[in-house]
Chemist: 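Can you keep this structure in mind? I'll have questions shortly.
Everything numeric here is computed off the predicted structure, so don't read it as measured data. We use all heavy atoms of the structure for the numbers below, so side chains are in, but hydrogens, waters and symmetry mates are not.
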Amino acid sequence: MYDIAIMTDWIAFAVRWLHVITAMAWIGSSFYFIALDLGLRKAPDLPIGAHGEEWQVHGGGFYHIRKYLVAPEAMPEHLTWFKWESYTTWLSGAALLALVYWAGAEMYLIDFDKVDLSVGQAIAISAGSLAVGWVVYDQLCKSALGNRPTILMLLLFVILVVMAWGYDQVFTGRAAMLHLGAFTATIMTANVFLIIMPNQRIVVRDLQAGRAPDPKYGKIAKLRSTHNNYLTLPVVFLMLSNHYPLAFGTENAWLIASLVFLMGVLIRHYFNTRHARAGNPHWTWGLTAVIFVAIMWLSSAPMNRDIDWKAEAAIPTHLVPVVHSPGFDEVAGIVMGRCSMCHNAEPVWPGVNWPPRGVRLDTEAEIARYATAIYLQAGASHAMPPGNVTAMTEDERGIIAYWYRNARGGQLMATLGAN
């Protein structure tokens, strides 16, 4: 039988690849149209209803683009819709969330030092928060605040800060960052699916029926599109953060995430202003640099606190069967000798100041928690140690693989979930 852990890891890799590709397509088209919209110019020969035009050159050819605030007098025969980039990005992201954080909830999602949740409770909080977030945001946009975009944007920032803090109270730092990104991305995709596209379809139907479209639909869609534009860069940061423990492996992770939204808004403000030919607000880069320095400080400040080693060594109930499994002591000895000099709360390897990706393997509890990752990185492959700097032998890799496969053959690895 093909190794389930390996197969699951490759499936997660394929879904992640799809997610990145479609996200690039979505972000690219979004940024392009925002820049195009801001760069439109008036011309004396514009047709009735046209707001502006733009001449562009690319790939050896010239493009003449015109924008209609509502719609042209007659519908063109062919109309290109930009929607699948957004939908596929969200669907692949949701699949990845389920594969990594739901299937591996006890490894990646639940932080038993914060709240002792069951897998079902953790998944319910994960999925429910995404749905509730959209409902709250949507109602705010449909309220009178929809006509006061600046106040609405500030209120949205407050909601994101509250969610950053809330996620950090119940999930691991890595999961908290990822979920804040998913929370924001859900709002963005729902904007496309539930607001922007339906409004555009109403306009198209009115044109096809010979009716004059109501300009309010374009105004509503523009508001949501603007929100998406300013939220894009923070979402990218949050999705990348799981590779950098200094971003998520700190008590200040929620503050870091909150400040990232400010940086994203400042950067987009600079480019939006440039594209609109309204000046060069260089001050945004200075303020962004100040915020980034603050984030760097926040990421390392908690590292000076004392570690309660007795509490760290305590083995959670769900990991007790793993620690007591046949062969675990030998595997733990190998990991302690070959991996824990870097994957340690206080790394001793020269040049390594924090455990890579926030993964610690300095206690039996941590080794049991990351059993699947250890198997994939050091048993089924030679990914770790990097460059085999600690000289892990083939026999040791074989012992890790043999232990994991035999243990999972019983009921042991059912407690670990998928990687």
Chemist: Grab the two heavy atoms, one from Met336 and one from Leu361, that are nearest each other, plus how far apart they are.
Modeler: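 Heavy atoms of Met336 and Leu361 come nearest at SD-O, 3.8 Å.
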Chemist: Is atom NZ of Lys83 surrounded by more than 12 heavy atoms (other residues, nucleotides or ligands) closer than 6.0 Å?
Modeler: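 Yes.
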Chemist: For Arg224 and Cys141, work out which heavy atoms get closest and say how close.
Modeler: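 For Arg224 and Cys141, the tightest heavy-atom pair comes out as NH2-CB, 3.3 Å.
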Chemist: With rounding to the nearest 0.5 angstrom, report the NE2 to CH2 distance, His19 to Trp90.
Modeler: 11.0 Å
Chemist: What's the shortest heavy-atom distance between Thr250 and Leu246, and which atoms?
Modeler: CG2-O, 3.8 Å
Chemist: Please check if the distance between the ring centroids of Phe82 and Phe33 is under 6.0 Å.
Modeler: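 When the ring centroids of Phe82 and Phe33 are compared, they turn out to be within the sub-6.0 Å range.
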Chemist: Between Trp26 and Thr189, is there a side-chain donor-acceptor contact under 3.5 Å, judged purely by atom types and distance?
Modeler: no
Chemist: What distance separates Ile123 CD1 from Leu109 CG, expressed to the nearest 0.5 Å?
Modeler: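 Ile123 atom CD1 to Leu109 atom CG measures 7.5 Å (nearest 0.5 Å).
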Chemist: Take Met177 and Asn242 through the side-chain contact (heavy atoms from CB on, under 4.5 Å) test and state the conclusion after the steps.
Modeler: CA-CA 7 Å; Met177 285 281 203; Asn242 71 92; over 6 Å; no
Chemist: Roughly how far apart are Asp9 CG and Leu376 CG, rounded to 0.5 Å?
Modeler: 5.0 Å
Chemist: Any idea how Tyr270 and His282 line up, ring-wise: parallel (<30°), tilted (30 to 60°), or perpendicular (>60°)?
Modeler: tilted
Chemist: For the OH atom on Tyr244, are there more than 12 heavy atoms of other groups (residues, nucleotides or ligands in this structure) within a distance under 6.0 Å?
Modeler: no
Chemist: With the side chain counted from C-beta on, respond yes when Leu40 and Asp37 share a heavy-atom pair under 4.5 Å apart, and no when they do not.
Modeler: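 The answer is yes; the side chains approach within 4.5 Å.
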Chemist: Could you state the interatomic distance from CG (Leu156) to CG (Leu160), rounded to the nearest 0.5 Å?
Modeler: 4.5 Å
Chemist: What is the minimum heavy-atom distance between Tyr101 and Leu178, and which atoms define it?
Modeler: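 That closest heavy-atom pairing would be CE1-CG, 3.7 Å.
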Chemist: For Arg201, does the CZ atom have more than 12 heavy-atom neighbours from other residues, nucleotides or ligands under 6.0 Å away?
Modeler: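 More than 12 within 6.0 Å, yes.
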Chemist: Answer yes or no: are there more than 12 heavy-atom neighbours, outside Glu330 itself, under 6.0 Å from its atom CD?
Modeler: no
Chemist: Taking atom NZ of Lys67 as the centre, report whether more than 12 heavy atoms of other residues, nucleotides or ligands fall under 6.0 Å from it.
Modeler: yes
Chemist: Taking the side chain from Ser225 and the backbone from Ala221, do they hold a donor-acceptor pair closer than 3.5 Å?
Modeler: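 It does not hold such a pair.
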Chemist: Please list all pairs passing the ring pair (Phe, Tyr, Trp, His ring centres under 6.0 Å) test where one or both residues lie in residues 179-198, with sequence neighbours left out.
Modeler: Tyr87-Phe193, Tyr167-His179, Phe171-His179
Chemist: Which donor-acceptor pairs under 3.5 Å do side chains of residues 57-64 form with protein atoms, sequence neighbours excluded?
Modeler:
unit_1: His64; atom_1: NE2; unit_2: Glu53; atom_2: OE1; d: 2.7

Chemist: Do you know which two heavy atoms are closest between Met384 and Arg397, and how far apart they sit?
Modeler: O-NH1, 2.9 Å
Chemist: Output, in order, the C-alpha distance, side-chain angles, deciding distance and verdict of side chain to side chain donor-acceptor pair (under 3.5 Å) for Thr22 and Thr89.
Modeler: CA-CA 5 Å; Thr22 54; Thr89 299; 3.2 Å; yes
Chemist: Hydrogens and angles aside, do His324 and Glu364 bring a side-chain donor and acceptor to less than 3.5 Å of each other?
Modeler: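 No donor-acceptor contact under 3.5 Å links the two side chains.
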Chemist: Quick one: NE2 on His382 to CG on Asn388, what's the gap to the nearest 0.5 Å?
Modeler: 8.0 Å
Chemist: Would you say CZ of Arg277 has more than 12 non-hydrogen atoms from neighbouring residues, nucleotides or ligands within 6.0 angstrom?
Modeler: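 Correct, the count exceeds 12.
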Chemist: Rounded at 0.5 Å granularity, tell me how far CZ in Phe157 sits from CG in Leu154.
Modeler: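 One gets 9.0 Å once the value is rounded to the nearest 0.5 Å.
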Chemist: What are the two closest heavy atoms between Ile110 and Leu117, and how far apart are they?
Modeler: CD1-O, 3.6 Å
Chemist: With a 3.5 Å distance limit and no angle check, can you tell me whether Thr172 reaches the backbone of Tyr108 through a side-chain donor-acceptor pair?
Modeler: yes
Chemist: Would you please test Arg274 and Asn280 for side chain to side chain donor-acceptor pair (under 3.5 Å) and show each step?
Modeler: CA-CA 6 Å; Arg274 284 287 305 274; Asn280 296 304; 2.8 Å; yes
Chemist: For Tyr230 and Asn272, which I'm curious about, is there any donor-acceptor pair between the side chains at under 3.5 Å?
Modeler: yes
Chemist: Check salt bridge (charged side-chain N to carboxylate O under 4.0 Å, His left out) between Asp116 and all other residues, then give those that pass, not counting sequence neighbours.
Modeler: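 Partners of Asp116 by the salt bridge (charged side-chain N to carboxylate O under 4.0 Å, His left out) criterion come out as none, since no residue qualifies.
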Chemist: With a 6.0 Å cut-off on ring centres, are Tyr137 and His227 close enough?
Modeler: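 Aromatic pair counts; centres sit under 6.0 Å.
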Chemist: Is it the case that over 12 heavy atoms from other parts of the model lie below 6.0 angstrom from the CH2 atom of Trp165?
Modeler: no
